[in-house]
Structure formats: C-alpha cells, structure tokens
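Below: one structure, written as structure tokens.
Chain naming here is simple, since letters A, B, ... match the order of the sequence lines and numbering starts at 1 in each. Basis for what follows: all heavy atoms, side chains included, without hydrogens, waters or symmetry-related copies. Note that the structure is predicted; figures quoted are calculated from it, not measured.
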Protein chains: 2
Amino acid sequence: MFMQDKCDRVNPEKIKALIKRVPDTEVVTRMSAVFQALQSDTRLRILFLLREKEMCVCELEQALNVTQSAVSHGLRTLRQLDLVRVRREGKFTIYYIADEHVRTLIEMCLEHVEEKV
Amino acid sequence: MFMQDKCDRVNPEKIKALIKRVPDTEVVTRMSAVFQALQSDTRLRILFLLREKEMCVCELEQALNVTQSAVSHGLRTLRQLDLVRVRREGKFTIYYIADEHVRTLIEMCLEHVEEKV
DNA sequence: TGAACATATGAACAGCTGTTCATATATTAA
DNA sequence: TTAATATATGAACAGCTGTTCATATGTTCA
C-alpha cells in the first residue's frame, strides 16, 4: 500500500512553523541522554537517597544492595550529565544532587506515576 | 581485594531510615519506565510538537521525517505511560499531551541541559 | 459495497545498556 | 614505606530498544 505525501490535516506551512519550535538536534540529544540516565532503577534509587542527604559511595552501596562497581558506574553516568555532583572529603567521595531541576524532575515523575494507581 | 561490610561513615540505623524514604519497587519501576519513554529523540520530538498543539499521526509523521510505523510505535509507548492521550476524530487519531506533569518534566530537562553550554 | 486513506501491530535485526568480575588508582594512618 | 580502605574503570556478556518492513485493522465516502 502506498502512503501519500500528506494527509488532509497537514498544512506544510504550519508544520514548518511547528518544527521550528522543536529544540535543535544537539539539545534534544542531550535531553534524551538525561532521561536515559534517569531510566534505571538503581540510578533512580541513588537519586532518591541523595535527595535525603549527601552520601559517600559506600553508604550508597549499603543502602542499595548492589556491588560497589555498579554504584560507581551509576554515579559516573549521573555525574556526566550533571545530575549529581561530587566533593572529596578525605578518603571519601561525597555525592549530592546537582540542583533543583533534578529534584523537580524526580518529583514530577513521582507524582505522575502515583496519580493513577 | 576484599570489601568489608561497611565503611566508617555508614550508620546502619540511619541507612535503614533513609531506605524507607525511597519509594517501593513498583513505583521506582514505573518511574524508570516513564524516563525510559522520554529517552528517545523521536519520542521527545513528538512531545515537543504536541506541546505546541494536538496533532494526528500523519502530521507528526510529516514533521518528524520518520516512517509512519515509527511514529505509531513511539506514540504507543508514550500512551501506555499516560504521557500522551488520544481522541478519535473521524478517520484521524488525535494525540495530545496528557497533563502538566509531562510539560514540567520536559521543561525541567530542557532548562537543565540549556543551563550549561 | 469497495476503494482509498489513516493508523496499528508483529517480526526481526542491529545497536545499546547495566551488571558483575577483575583490577587499578587514590587516600589515610601506622 | 606498607597495609587497609575507598573509589574508579575496562572488559564482557545477557538482555533490552528503536527502527523498518510487511501487513492488518479501522474509517470515510462514493
């Protein structure tokens, strides 16, 4: 079956105008990388924990019950996207939520999934 | 090398209390499914378009420049997580952003990635 | 009716992801 | 120094994802 060029509703001019309102590739790609980072149970749990207080890697390891390696890899992902930040404190590496955007992201998503149960 | 049970900073009691503040598995899993849905360039672009106005599938197809199948699959994913909703209008299926949570999610993420360039 | 348009869906494949294991690096304290 | 603790990283593998292709289903109108 052949799909024609456009459906009845399509107005090429208006479509063009709408496309301009979509952020450019680079931005969209960075956004999907951020959501990608938030798409893991382990990393989400890390953020929920850090939302309560800043923590070192081994505290997170204890709380999450996964290997230290998994925590560290997860933190790296979150760090690379500036979702968490780091501070050295002696032999400990302290992680904390980067900013309010991150808290809001988590909060909105939580409200969304809890809304309908 | 052997990793001991807990590091100096770990206080088992406090850790336990923190764990209780993390939503339970079911909720975390639903949240990661939502973020997972937001983690695709195509689906993000769909949401950016729908943010401007509700659209039928073939309008989206035109705007996105991917196959109709890809759009439809993407929409199903978004629909299943209640990120978009659907309305029939004659032979057209009109999609629109589900609620304000979704707009805020997008907005927060956009601000986050645009903050530092 | 049936032809044309609009949308959905299943299969399949290439590419990506998260975990663990093994190991390296960094810091402290003795 | 060295030992012990704390964290990071590379490799590798199983499992998941997004796209397209092919096709099915739904809707309108002549």
Side-chain angles (χ1 to χ4, degrees), chain A residues 1-10 28-29 32-47 50 54-81 84-96, chain B residues 1-10 28-29 32-47 50 54-81 84-96:
Chain A
M1 186 139 322
F2 200 73
M3 185 58 57
Q4 70 167 171
D5 201 37
K6 36 185 125 66
C7 73
D8 296 0
R9 282 174 53 100
V10 168
V28 174
T29 300
S32 47
V34 167
F35 285 126
Q36 145 67 28
L38 295 171
Q39 164 270 350
S40 131
D41 282 35
T42 297
R43 288 190 298 262
L44 272 183
R45 271 184 243 275
I46 288 175
L47 291 176
L50 294 183
E54 54 182 30
M55 297 173 82
C56 71
V57 179
C58 54
E59 280 178 299
L60 290 168
E61 181 189 353
Q62 292 294 315
L64 291 169
N65 205 32
V66 294
T67 60
Q68 177 267 320
S69 181
V71 177
S72 203
H73 280 302
L75 286 168
R76 178 169 57 167
T77 300
L78 294 171
R79 208 174 58 220
Q80 281 170 343
L81 294 159
V84 302
R85 290 182 189 150
V86 179
R87 183 179 82 241
R88 258 271 168 199
E89 209 165 84
K91 63 179 174 179
F92 297 101
T93 309
I94 313 292
Y95 282 87
Y96 55 98
Chain B
M1 190 141 321
F2 200 73
M3 185 59 58
Q4 71 167 170
D5 203 36
K6 35 185 131 58
C7 72
D8 296 359
R9 281 175 55 99
V10 169
V28 173
T29 299
S32 46
V34 167
F35 285 126
Q36 145 66 27
L38 295 171
Q39 164 270 348
S40 130
D41 282 35
T42 297
R43 290 191 297 263
L44 272 183
R45 271 185 243 273
I46 289 176
L47 292 176
L50 295 183
E54 54 182 31
M55 296 172 84
C56 72
V57 179
C58 55
E59 281 178 299
L60 290 168
E61 182 190 351
Q62 292 293 315
L64 291 169
N65 205 33
V66 293
T67 60
Q68 177 267 320
S69 181
V71 177
S72 203
H73 280 302
L75 287 168
R76 178 169 58 168
T77 300
L78 294 172
R79 207 175 59 224
Q80 282 169 343
L81 294 160
V84 302
R85 289 181 189 149
V86 178
R87 182 178 83 240
R88 260 269 169 201
E89 210 165 85
K91 63 179 173 180
F92 296 101
T93 309
I94 314 291
Y95 282 86
Y96 56 98

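Nearer to the 5' terminus of DNA chain C, by closest-nucleotide assignment, is the contact made by Arg9(A) (compared with the other of Arg9(A) and Ser40(A)). Remark on DNA chain D: of its neighbouring residues Gln39(A) and Ala70(A), the 5'-side contact belongs to Ala70(A), judged by nearest-heavy-atom nucleotide.
The only option from Leu64(A), Val66(A), Asp41(A) that meets the side-chain contact (heavy atoms from CB on, under 4.5 Å) definition with Ile46(A) turns out to be Leu64(A).
One finds a side-chain N or O of Thr67(B) lying less than 4.0 angstrom from the OP1 or OP2 phosphate oxygen of dT20(D). In this model, the phosphate group of dA8(C) is approached by a side-chain N or O of Tyr95(B) to a distance below 4.0 Å at OP1 or OP2.
We find that CZ of Arg76(B) is positioned 13 Å from P of dT19(D), with the value rounded to whole Å. Computed from coordinates, the Arg45(B) CZ to dT19(D) C1' distance equals 14 Å when rounded to whole Å. For the pair Leu38(A) CG and dG18(C) P, the interatomic distance rounds to 11 Å; values are reported in whole Å. Going from atom CD of Gln36(B) over to atom C1' of dT17(C) covers 10 Å, rounded to whole Å. Taking atom CD of residue Glu61(B) and atom P of nucleotide dA6(C), one finds them 10 Å apart after rounding to whole Å. We find that CD of Gln68(A) is positioned 12 Å from C1' of dA24(C), with the value rounded to whole Å. Between Arg87(B) atom CZ and dA6(C) atom P the separation is 17 Å, expressed in whole Å. Taking atom CD1 of Ile94(A) as the reference point, atom P of dT27(C) lies 14 Å away to the nearest angstrom.
Salt-bridge formation is detected for the pair Arg9(B)/Glu89(A): a Lys NZ or Arg NE/NH1/NH2 atom is positioned less than 4.0 Å from an Asp or Glu carboxylate oxygen.
Listed nucleotides dT9(D), dA8(C), dT17(D) differ in distance to Arg43(B); the shortest reach to its side chain belongs to dT17(D). Among the nucleotides dT7(C), dA8(D), dT20(D), the one closest to any side-chain atom of Val57(A) is dA8(D). Counting only heavy atoms from C-beta on, Lys91(B) has its side chain closest to dT28(D) among dT19(C), dT28(D), dT28(C).
Between the side chain of Ser69(A) and the base of dT19(C) there is no donor-acceptor pair of N/O atoms closer than 3.5 Å.
Looking at heavy-atom distances under 4.0 Å, Ser72(B) makes contact with a base. Across all strands shown, Thr77(A) has no heavy atoms under 4.0 Å from either base or sugar-phosphate atoms. Using a 4.0 Å heavy-atom cutoff across all strands shown, Arg79(A) reaches sugar-phosphate atoms only and no base atom.
With hydrogens and angles ignored, the 3.5 Å screen pairs a side-chain donor or acceptor of Ser32(B) with a backbone N or O of Val28(B).
Atom-to-atom distance recorded for Arg87(B):CZ and Ile94(B):CD1 is 5.5 Å, nearest 0.5 angstrom.
The side-chain ring of His73(B) is not stacked on the base of dT19(D), judged by centre separation under 5.5 angstrom and plane angle under 30 degrees.
Between Tyr95(B) and Arg79(B), the side chains place a donor N or O and an acceptor N or O closer than 3.5 Å (distance only, hydrogens not considered).
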